[in-house]
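Side-chain atoms are counted along with the backbone in the values below, which use heavy atoms only and exclude waters and symmetry mates.
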Amino acid sequence: MFYNNGETDNIFGYVLMKKGINVKMEHYDYYSNKKIKSRSTNAIGYIVYNRGHTYCVRIVDNEFWLIDSMKGKPNKIANLSCIERRGIGVIEITK
């Protein structure tokens with residue numbers, strides 16, 4: 001059974017664990033107008049979701065890459081504004 005408790009005991013953590021990625025997940029709820037106050041320096045990416053869609057932001061060599069099934073390929077993005085908006089939940093993934 002999966003619980004969204006912020007650790008790896010949820011469907012996202014389960015999939016990452018099956019891929020051999022050991023992570024610590026921190027969950028942020030941005031359904032009110034909040035922004036990430038302190039982003040971990042160990043962050044390797046983010047899982048972003050709302051009621052109808054889920055996508056990822058991966059950090060590679062201090063560059064941000066949007067990975068979205070609605071796009072044809074990963075897209076480099078300039079900043080994290082796509083995870084700092086109202087109406088989403090964010091799971092920060094750190095090693």
Flag side-chain contact, heavy atom, 4.5 Å: V57 against L66: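 V57 reaches L66 side chain to side chain.
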Residue pairs, two or more places apart or on separate chains, that pass side chain to side chain donor-acceptor pair (under 3.5 Å) and touch residues 56-66: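 Those involving residues 56-66 are E63-K76.
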Nearest-0.5 Å distance, CD1 of residue I47 to CD1 of residue I67: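 So the gap between those two atoms works out to 10.5 Å.
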Spatial distance of atom CD1 (I59) from atom CG (L80) [nearest 0.5 Å]: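 It comes to 6.5 Å.
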Same apolar cluster (I L V M F W Y, side chains within < 4.5 Å links), Y46/V60: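 No, Y46 does not connect to V60 through the hydrophobic network.
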